[in-house]
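Ligands are counted one by one from 1 in listed order, and the atoms in each one are counted from 1 as well. Heavy atoms only: backbone and side chains are in, while hydrogens, waters and symmetry mates are out. Numbering starts at 1 and runs along the sequence shown. On a predicted model such as this, the values are computed, not experimentally measured, just so you know.
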Amino acid sequence: MTPKVLLFEDENNIAENLKYALKTEGIVCEHASTAADGLQKFRNGNFDIIILDVGLPDKSGFDVCKEIRSESKIPVFFLTARADEIDKILGLELGADDYITKPFSPREVTARIRAFFRRYGAATDVSEPKKIKNFEILEERFQIKFHNIDLELRRYEFGILKFLLEHPGRVFSRAQIMDKVWQEPDMSLERTIDTHIKVIRSKLKNISDEEIIQTHRGVGYSVKDGE
Ligand code: CA
């Protein structure tokens with residue numbers, strides 16, 4: 001899954017730097033230098049996230065955000081240079097998901113976007129539940145159904161199970177799982193993966209006796225391939 005970003009930014013050098021940084025991270029970015037152009041691109045394209053400069057030549061980023069919000073729940077990150085704009089972003093309840101203050105390093109922005117996607121997945125408001133084996137993943141609801149029954153998973157349980165299900169047959173070490181699922185991997189101990197796996201297994205077992213998650217001693221965990 002390659003996240004697709006729509007960037008509204010009228011300063012070309014900022015836009016070019018950011019586009020380059022996103023590209024090296026494998027994130028596709030389309031750029032618009034006016035509100036009108038960006039809104040048109042937004043309506044014609046299928047984007048996962050919007051990065052929105054507050055000061056655009058033809059319209060304020062706030063108005064653009066309101067227009068986007070009336071049509072979509074797509075995540076919006078503001079780019080702003082001024083503290084009073086931040087107050088406005090927070091105070092107006094525009095539905096912005098985050099903001100980034102200028103000057104910023106492109107690496108900082110890509111790191112924030114990556115973290116955001118790790119947390120929420122590339123959830124768009126029109127996503128269909130993903131079906132894998134007897135599972136159904138409802139990304140934006142943090143929900144996984146097994147044999148049509150909601151597993152009632154907590155955040156990390158959801159992340160771990162979703163990740164393993166999406167890569168059937170592949171064995172992942174605890175460190176790899178942590179790297180993919182946690183926002184700040186080094187803040188937690190790898191041992192916590194074992195605890196979460198144990199809880200996920202017992203929740204699965206309440207529904208069916210099938211063995212879903214396999215332990216590979218000294219290596220890690222996987223979901224069986226096939227069926
Ligand atoms: Ca600007």
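Judged by distance alone, with hydrogens and angles left aside, the side-chain atoms of Arg114 form a donor-acceptor pair with the main-chain N or O of Glu25 at under 3.5 Å.
When the Ca ion (ligand 1) is compared with the N/O/S atoms of Asp10, atom OD1 turns out nearest. When you scan the N, O or S atoms of Asp53 for the one nearest the Ca ion (ligand 1), you land on OD2.
Using a cut-off of 3.0 Å, one finds that Leu79 contributes no N/O/S atom close to the Ca ion (ligand 1). Among the backbone and side-chain atoms of Glu11, no N/O/S atom is found under 3.0 Å from the Ca ion (ligand 1).
The side-chain heavy atoms of Phe8 and Leu79, taken from C-beta on, include no pair separated by under 4.5 Å.
A salt bridge links Glu67 and Lys59; the closest N-O separation between the charged side-chain nitrogens and carboxylate oxygens is under 4.0 Å.
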task = Show the numbers, then the answer: is there a side chain to side chain donor-acceptor pair (under 3.5 Å) between His147 and Glu136?
result = CA-CA 8 Å; His147 290 287; Glu136 234 179 280; over 6 Å; no

